[in-house]
There are 2 protein chains.
Amino acid sequence: MEFKEAKNKFVQTWGALGSQWGINKTMAQIHALLMVSNEAVSMEDIMEELQISRGNASMNLRALMDWGIVYKEYKAGERKEFFTAEKDLDELAVKISRERSKREIKPALKILKEVSTIEAKDSAEEQHFVDQTSKLYDFVLKADNMLDKMTEFNDNWLGKLVMKIMK
Amino acid sequence: MEFKEAKNKFVQTWGALGSQWGINKTMAQIHALLMVSNEAVSMEDIMEELQISRGNASMNLRALMDWGIVYKEYKAGERKEFFTAEKDLDELAVKISRERSKREIKPALKILKEVSTIEAKDSAEEQHFVDQTSKLYDFVLKADNMLDKMTEFNDNWLGKLVMKIMK
DNA sequence: TTAAACTTTCAAAAATAATTGAAAGTTTGT
DNA sequence: ACAAACTTTCAATTATTTTTGAAAGTTTAA
């Protein structure tokens, strides 16, 4: 396999994977492209490489910047803007989980808390509802916190975790 | 808030959350409904509660069973089938991560390995590509394994982890 | 074997999400 | 202040995904 083919395969695969996880395909593709580019890429070049419109490129770059995983860069003497991706994978993971937590998990937790705190009356049906949603609330909260802790430990998470437990 | 309202809110929220994570809304809603039902529910009742067609119910129930998180149940004397969800949340998490790993992560890893092992020639561009995709391969592999380990430890993962480290 | 009571399948329709492209907006240099 | 060189916005279009519903399939009981 030659470079161009490999690069294309990677970008396509990343795009497909993104779709399956609820991330728009183009957004994932742009991100993939920037991840494997050793220097910042202009909007023109992104449009050209991925065969997408200016509007599409603009909107998805904005979204990626909102997620905090793509940055604008300015080159001296050049009028146009260039873009780079966060290339440190630990940092990338931290940012993605922070954002997903903020945007999706936290709001879901709020609802879970609400619905799990209705008065259950006496019926087994309502008892079970309260019980199950309470458990779900605890579980999601725990998972969310765990993810947060894990990203905090980053690279050497296991070692640091042990240290923290020891002391 | 009364029971019916709470139940509906929960089902809707779970459906919306599912969409954002690449799971079809109805599938997530059916799952939510079964999760908080204290007894097995018939297809009729699912259709009625969620206001969906028979075909839709059938296909999404099949998908949920393929994921291993919903089971068929037969009631004595009744001709029709009833459905229940896996209600143990740890078990649910294990099954979901196993399936997503098998369906999405493993195939992605295969491609990552492929593209990261091209010969990099001399150009900085190609060097960077190989370097970055290799790192990504390692990272995804590590994350996938970690998730597997974590689910293995289940409930009291922290405690058991410490035990394992100690001995 | 027949028919009633179910479930599954899948082509067509509907709903949703992504994309385009041109007009409007912004920034920079002269 | 002007205009060139860009970027952003958003209504309309296109693509993708989901849903429907009726026909086909299956199972059970008599």
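Just so it is clear, the structure is predicted and the values come from calculations on it, not from any experiment. Proteins come first, then strands; the chains are lettered A, B, ... in the order of their sequence lines, and each starts at number 1.
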Student: Take the protein atom CD1 of A:I30 and the nucleotide atom P of C:dA18, then report the distance between them rounded to whole Å.
Tutor: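 My rounded result for the distance is 13 Å.
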Student: Among residues 35-65 of chain A, which ones have heavy-atom contacts with DNA chain D below 4.0 Å?
Tutor: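 Residues of residues 35-65 of chain A that come under 4.0 Å of DNA chain D are, in numerical order, A:M43, A:R54, A:G55, A:S58, A:M59, A:R62.
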Student: Between A:K142 and A:D138, is there a side-chain N and carboxylate O pair less than 4.0 Å apart?
Tutor: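 Salt bridge flag = no for A:D138 with A:K142.
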Student: Mark yes or no for whether A:E2, through its side chain, and B:E119, through its backbone, hold a donor-acceptor pair below 3.5 Å.
Tutor: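 No, because the side chain of A:E2 does not come within donor-acceptor range (under 3.5 Å) of the backbone of B:E119.
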Student: What integer distance in Å separates A:I23:CD1 from C:dA18:C1'?
Tutor: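 So the two atoms are 15 Å apart, to the nearest Å.
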Student: Are any protein N/O atoms closer than 3.5 Å to N/O atoms in nucleotides 14-16 of chain C? If there are, list each pair with its distance.
Tutor:
none

Student: Rounded to the Å, how far apart are A:K80 NZ and D:dC6 P?
Tutor: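 For the pair A:K80 NZ and D:dC6 P, the rounded distance is 6 Å.
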Student: Under 4.0 Å: is that the gap between some side-chain N or O of B:T26 and OP1 or OP2 of D:dT19?
Tutor: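 Affirmative; the distance criterion is met.
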Student: What's the OH-P distance between B:Y74 and D:dA29, to the nearest Å?
Tutor: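 After rounding, the gap between these two atoms is 13 Å.
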Student: Is it true that B:E81 and B:K75 have a side-chain N and a carboxylate O under 4.0 angstrom from each other?
Tutor: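 Judged by the 4.0 Å cut-off on N to carboxylate O distance, B:E81 and B:K75 do not form a salt bridge.
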Student: Which nucleotide in the list C:dT7, D:dT8, C:dT19 gets nearest to the side chain of A:N24?
Tutor: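 Nucleotide nearest to A:N24's side chain: C:dT19.
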Student: Considering only heavy atoms from C-beta outward, does the side chain of B:M1 approach that of B:K7 to under 4.5 Å?
Tutor: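 When only atoms from C-beta onward are counted, B:K7 and B:M1 do not touch, as no gap falls below 4.5 Å.
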Student: Check the distance between C:dT28's P and A:R79's CZ and give it to me in whole angstrom.
Tutor: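 In whole Å, C:dT28 P and A:R79 CZ are 8 Å from each other.
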Student: Atom CD of B:E81 and atom P of D:dT26: how far apart are they, to the nearest Å?
Tutor: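 My rounded result for the distance is 14 Å.
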Student: With a 4.5 Å heavy-atom cut-off, do A:L61 and A:L34 have their side chains touching?
Tutor: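 Yes, at least one pair of side-chain atoms sits under 4.5 Å.
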Student: Is there a salt bridge (charged side-chain N to carboxylate O under 4.0 Å, His left out) between B:K9 and A:E114 once you walk through the steps?
Tutor: CA-CA 9 Å; B:K9 198 167 196 172; A:E114 274 176 44; 2.8 Å; yes
Student: Going by the rule ring pair (Phe, Tyr, Trp, His ring centres under 6.0 Å), which residues pair with B:F83 if we only count those two or more places apart in sequence or in a different chain?
Tutor: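 B:F83: no ring pair (Phe, Tyr, Trp, His ring centres under 6.0 Å) contacts found.
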Student: Mark yes or no: B:R100 above the aromatic ring of A:W21, with NZ or CZ under 6.0 Å from the six-membered ring centre and no more than 45 degrees from the axis.
Tutor: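 Cation-pi check for B:R100 and A:W21: passes.
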Student: What do the steps show when you test A:S101 against A:D144 for side-chain hydrogen bond (donor to acceptor under 3.5 Å, both in side chains), and what is the final call?
Tutor: CA-CA 7 Å; A:S101 172; A:D144 188 46; 2.9 Å; yes
